[in-house]
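Everything on this sheet refers to the single structure shown next.
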Protein chains: 2
Amino acid sequence: MPADASTSPASPPLTQRQEARRRRILHASAQLASRGGFDAVQMREVAESSQVALGTLYRYFPSKVHLLVATMQDQLEHMHGTLRKKPPTGRTAAERVAETLMRAFRALQREPHLADAMVRALTFADRSVSPEVDQVSRQTTVIILDAMGLDNPTPEQLSAVRVIEHTWHSALITWLSGRASIAQVKIDIETVCRLIDLTDPEHT
Amino acid sequence: MPADASTSPASPPLTQRQEARRRRILHASAQLASRGGFDAVQMREVAESSQVALGTLYRYFPSKVHLLVATMQDQLEHMHGTLRKKPPTGRTAAERVAETLMRAFRALQREPHLADAMVRALTFADRSVSPEVDQVSRQTTVIILDAMGLDNPTPEQLSAVRVIEHTWHSALITWLSGRASIAQVKIDIETVCRLIDLTDPEHT
DNA sequence: CGCTAATCTAGAACAAGTTTCAGACTTGAT
DNA sequence: ATCAAGTCTGAAACTTGTTCTAGATTAGCG
């Protein structure tokens, strides 16, 4: 897989300095987000931290939500790499998916503010961010299918995966806003993962 | 059920004029939301439309998100009333829940901008709005349990209901942001509702 | 009725996301 | 090396959510 397989398809290639600027911006964004979540990512501060003019920041990321969704794409790639190194060990597909999601969840717990910023941006995004949000969604789908160990999912299984993603996002939100405990998120994830067995074509 | 069963518990009773102001505000909010969604609900405009000073608006609803979540509570009550009059007719609990949610979905489709405003507010809400968001969640739970026809759900069934709510909210978001079609939302709802049969204690 | 505390109003002020603009700097092609 | 086109900078301006203030109004009470 080429290194930039996940970036937007037909945008003009960036010079090194531009690539460096982009990285500095994403780094500053993640850093500010880690401190204080969504609200702490202030565009003026991101611009200053990354040594870029405000107008330039807006040229790279046309809104705060775009910026945070891009930050999420970035983090997701990390996560996917990490997960690949240690694949889940569960016996059934449902177990492996639940295990994978719980592992991701634990990673998010280590940086709850960052999680807050990314997830809030993701669900708050309007139509103008659809392509980017979709990209995040596809990446998540790949991670789940990986955990299931499937290359040719049936439409039913894809539905189940979509529902799992819905649950994952929404459960994260309830956790981040303090309306659900970590234990409850775990239960919800395990509950929804049972859908996988239900849609397994070899279901006994 | 007393008329104000859903409002915050120990707040001082409102005078008639205050009650009227509150209604005017909620009405203006819903009206502006119906026009242009979340962004069209501007606090100055809400204040003007409802003939109330900006400061007063903020006394009644401490933020735009509070206002929109309250608007959602209001609409949910309507919806619940409407649904009660014509209970779903499906044979299994899963069918009835799916039928109920699809009916609610159709209602939202009639006012997509209003739906946008309410759902975005709901998922964007931070901890300071937790009580109100929780109230909406409980109301939704009641609607689903009603459709299932249960008074004493098992913990497993409550988990399933929570997962259904997660899916419901998240599927709405993907629809509102144009990343999923109406048909896909329908499929997702039907898929997640199969969890109900799975957790039915009398499951054969 | 007259008092006091709470509430409401109009409007200014502030905060942070976003836009705009003139001028300086880079880049790529010749 | 030079020119044109595109990019970056710094700063100001604009928008909308939110807060604050001083004075008018209202509600509840003796």
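Chain letters run A, B, ... following the sequence lines, proteins first, then strands; residues in each count from 1. We use all heavy atoms of the structure for the numbers below, so side chains are in, but hydrogens, waters and symmetry mates are not.
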request  = For this output row, return yes or no: ring centroids of B:Phe124 and B:Phe38 closer than 6.0 angstrom.
outcome  = no
Which listed nucleotide ([options]) is nearest to the side chain of [X]?
| X | options | result |
| --- | --- | --- |
| A:Met43 | D:dT9, C:dT18, C:dT9 | C:dT18 |
| A:Lys64 | C:dT9, C:dT18, D:dA27 | C:dT18 |
| A:Ala53 | C:dT9, C:dA12, D:dG10 | D:dG10 |
| A:Arg17 | D:dT18, C:dT18, C:dT26 | C:dT26 |
| B:Arg44 | D:dG17, D:dA13, C:dG28 | D:dG17 |
| B:Tyr58 | C:dT18, D:dT19, D:dC8 | D:dT19 |

Atom-pair distance ([atom1] on [X]; [atom2] on [N]), nearest Å:
| X | N | atom1 | atom2 | value |
| --- | --- | --- | --- | --- |
| A:Glu19 | C:dT27 | CD | P | 14 Å |
| A:Arg21 | D:dT7 | CZ | P | 11 Å |
| B:Leu57 | D:dC20 | CG | P | 16 Å |
| A:Gln42 | D:dG17 | CD | P | 17 Å |
| A:Leu68 | C:dG17 | CG | C1' | 12 Å |
| A:Leu67 | C:dG17 | CG | C1' | 12 Å |
| B:Leu54 | D:dC20 | CG | C1' | 11 Å |
| B:Ile25 | C:dC8 | CD1 | C1' | 11 Å |

key: Member of A:Asp188, A:Thr167, A:Thr174 meeting the side chain to side chain donor-acceptor pair (under 3.5 Å) criterion with B:His166   = A:Asp188
How would you label the contact of [X] with the nucleic acid (heavy atoms, under 4.0 Å): base, sugar-phosphate, or nothing?
| X | result |
| --- | --- |
| B:Phe61 | nothing |
| B:Gln51 | sugar-phosphate |
| A:Val41 | sugar-phosphate |

message = I need the A:Thr140 OG1 to A:Gln135 CD distance, nearest 0.5 Å.
response = 9.5 Å
N/O (side chain, [X]) to phosphate O (OP1/OP2, [N]) under 4.0 Å:
| X | N | answer |
| --- | --- | --- |
| A:Arg59 | D:dT7 | yes |
| B:Gln16 | D:dA27 | no |
| B:Tyr60 | C:dC8 | yes |
| A:Gln18 | C:dT26 | no |

task = Determine whether the side chains of B:Glu165 and B:Ser137 contain a donor N or O and an acceptor N or O closer than 3.5 Å.
result = yes
message = With a sphere of 6.0 Å drawn around NE2 of B:His27, does it hold more than 12 non-hydrogen atoms of other residues, nucleotides or ligands?
response = no
task = Enumerate the residue pairs fulfilling salt bridge (Lys or Arg N to Asp or Glu O under 4.0 Å) with a member in residues 103-115 of chain A, sequence neighbours excluded, ordered by first and then second residue.
result = A:Glu99-A:Arg103
